[in-house]
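What follows is a set of notes on a single structure, which appears directly below.
Atoms considered below: every heavy atom in the structure, side chains included; atoms not considered: hydrogens, waters and symmetry mates.
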Amino acid sequence: MSLLDIRSLQRSEIETYIREAIKYRNACTSGEPVPQVSGTVCLLFFETSTRTRASFESAARKLGLHGSFVAPATSSIQKGESIRDTVVTLDYAGVDCLVIRHPSPGAPHQAAEVFDGGVVNAGDGCHEHPTQALADLLTIISRKGTVEGLTVAIVGDIVHSRVARSNAWCLTKMGARVRFVGPRTLLPKDCSLLPVETCDNLAAGLSDADVVMALRLQRERMNGYDLGGLAEYTQRFQINRESLKLAKEDVLVMHPGPINRGVELDDFAADSTFSAIHNQVENGIYVRMAVLANEFDKLRGDA
Ligand code: NCD
């Protein structure tokens with residue numbers, strides 16, 4: 001039970017999520033009835049969110065689940081209740097599945113220790129964001145036909161990115177080659193624990209890339225990090241009409257959002273036919289349907 005990270009998943013489990021997500025996408029886009037699931041899901045979000053929240057809510061609605069949203073500002077967390085007590089309270093309040101986003105790495109794992117139902121990690125600090133990686137994988141497979149053998153350059157603020165870490169595990173388990181590209185100060189200090197190559201030069205980083213995934217500079221997590229000048233960063237690492245020429249001709253441009261236009265991406269990279277950014281958002285709904293349905297199958301003992 002629970003989807004806490006990609007690192008501990010088997011390739012076959014990732015494949016099952018993708019297969020199920022494609023079934024949901026086919027049903028939703030052809031107007032076929034979607035098999036309904038009964039139960040209650042709660043989104044417990046300690047950090048801001050637009051697309052992850054909206055797509056989990058959409059996924060829950062399409063599956064027929066009852067959903068609720070809890071955030072610190074409007075809950076008893078504001079009154080000093082601990083995360084542990086909050087999670088136990090939600091369990092007794094009849095929540096079957098908890099989707100949690102938290103600034104501390106490992107918070108969803110802690111929640112899973114005290115929560116009886118399923119727990120889904122919707123992003124924990126700089127650690128992992130498993131459903132984003134599944135959405136990105138489905139997007140690459142849908143646009144490129146396969147992910148096996150592709151070179152994926154993930155560019156930007158890697159050190160603070162849970163999306164980069166989940167994608168590194170997910171894409172390499174599925175047979176891709178992953179390259180982290182960015183200034184030294186924004187690359188993790190020890191990448192030897194991750195299945196990636198690293199590069200602090202954009203031209204080398206983008207050479208032969210089939211997919212370029214740009215990341216936002218996460219200034220909210222940058223205490224003590226020296227970013228240097230923003231103008232210099234943009235000049236050296238922006239993905240734009242010019243720098244895309246360094247990658248393969250049919251390169252796919254991705255970004256988990258939110259975008260800081262004019263910094264990590266220019267309008268051409270974000271909006272041209274190379275871009276798969278809207279596909280990532282839409283596929284996020286279908287992988288989250290697959291993930292939630294799987295949690296409920298396991299709860300009911302069907303999986
Ligand atoms: C990202 C996140 O929250 O990790 N966004 C997302 O969930 N789609 C990336 C970011 O905040 O830059």
Inset, instruction - Answer yes or no: is there a donor N or O on one side and an acceptor on the other, between the side chain of T172 and the main chain of A176, under 3.5 Å? - result: no

Inset, instruction - Side-chain contact test, heavy atoms from C-beta onward, threshold under 4.5 Å: evaluate it for V263 versus F237 and give yes or no. - result: no

Inset, instruction - Verify the distance criterion only: is there a donor paired with an acceptor across the side chains of S142 and R25 at less than 3.5 Å? - result: yes

Inset, instruction - Could you verify whether a donor N or O on one side chain and an acceptor N or O on the other, from R179 and T198, lie under 3.5 Å apart? - result: no

Inset, instruction - Return yes if a side-chain donor-acceptor contact under 3.5 Å exists between N294 and D297, otherwise no. - result: no

Legend entry - Distance, nearest 0.5 Å, that separates CG of L134 from SG of C170: 5.0 Å

Legend entry - Side-chain donor/acceptor of S2 to backbone N/O of L4, under 3.5 Å: no

Inset, instruction - Measure across P108 and V119 and return the closest heavy-atom pair with its distance rounded to 0.1 Å. - result: O-CG1, 3.7 Å

Inset, instruction - Classify the side-chain pair E264/H255 by whether it contains a donor and acceptor separated by less than 3.5 Å. - result: yes

Inset, instruction - Answer yes or no: is there a donor N or O on one side and an acceptor on the other, between the side chain of N240 and the main chain of S243, under 3.5 Å? - result: yes

Legend entry - Heavy-atom side-chain proximity of P188 to I158 below 4.5 angstrom: yes

Inset, instruction - Answer yes or no: is there a donor N or O on one side and an acceptor on the other, between the side chain of R84 and the main chain of V114, under 3.5 Å? - result: no

Inset, instruction - May I ask you to decide if L150's main-chain N or O and D210's side chain share a donor-acceptor pair within less than 3.5 Å? - result: no

Legend entry - Cation-pi geometry met for R53 and F69 (6.0 Å, 45°): yes

Legend entry - salt bridge (charged side-chain N to carboxylate O under 4.0 Å, His left out) assessment of E197 paired with R177: CA-CA 8 Å; E197 300 155 30; R177 198 170 139 201; 2.8 Å; yes

Legend entry - Check: T151/D208 side-chain N/O donor and acceptor closer than 3.5 Å: no

Legend entry - Check: H129 main-chain N/O paired with Q132 side-chain donor or acceptor under 3.5 Å: no

Inset, instruction - Please check if Y92 and I100 belong to a single hydrophobic cluster, counting links between Ile, Leu, Val, Met, Phe, Trp and Tyr side chain heavy atoms closer than 4.5 Å. - result: yes

Legend entry - Polar side-chain atom of Q280 near backbone of A135 as donor-acceptor pair, under 3.5 Å: no

Inset, instruction - Evaluate the side-chain proximity of S55 to V281: yes if any heavy-atom separation is below 4.5 Å, no if none is. - result: no

Inset, instruction - Decide yes or no for R51 and P258: does some side-chain heavy atom of the first lie under 4.5 Å from some side-chain heavy atom of the second? - result: yes

Inset, instruction - Look only at the side chain of D85 and the backbone of E81, and say whether a donor-acceptor pair between them is shorter than 3.5 Å. - result: no

Inset, instruction - Pick out which of T146, L137, I18 makes a side chain to side chain contact (heavy atoms under 4.5 Å, CB included) with M174. - result: L137

Inset, instruction - Check whether any side-chain N or O of T52 sits under 3.5 Å from a backbone N or O of S49 as a donor-acceptor pair, and report yes or no. - result: no

Legend entry - Over 12 non-hydrogen atoms of neighbours within 6.0 angstrom of CD in E249: no

Inset, instruction - Side-chain contact test, heavy atoms from C-beta onward, threshold under 4.5 Å: evaluate it for Y17 versus T131 and give yes or no. - result: no

Inset, instruction - Check the pair E13 / R19 against salt bridge (charged side-chain N to carboxylate O under 4.0 Å, His left out), numbers first and verdict last. - result: CA-CA 10 Å; E13 294 173 286; R19 204 170 42 244; over 6 Å; no

Inset, instruction - For residues L206 and V155, determine if any side-chain heavy atom of one lies less than 4.5 Å from a side-chain heavy atom of the other. - result: yes

Legend entry - Spatial distance of atom CG (N283) from atom OG1 (T139) [nearest 0.5 Å]: 4.0 Å

Legend entry - Donor-acceptor pair, side chain of S275 and main chain of A270, under 3.5 angstrom: yes

Inset, instruction - Can you establish whether the number of heavy atoms outside R241 located under 6.0 Å from its atom CZ is more than 12? - result: no

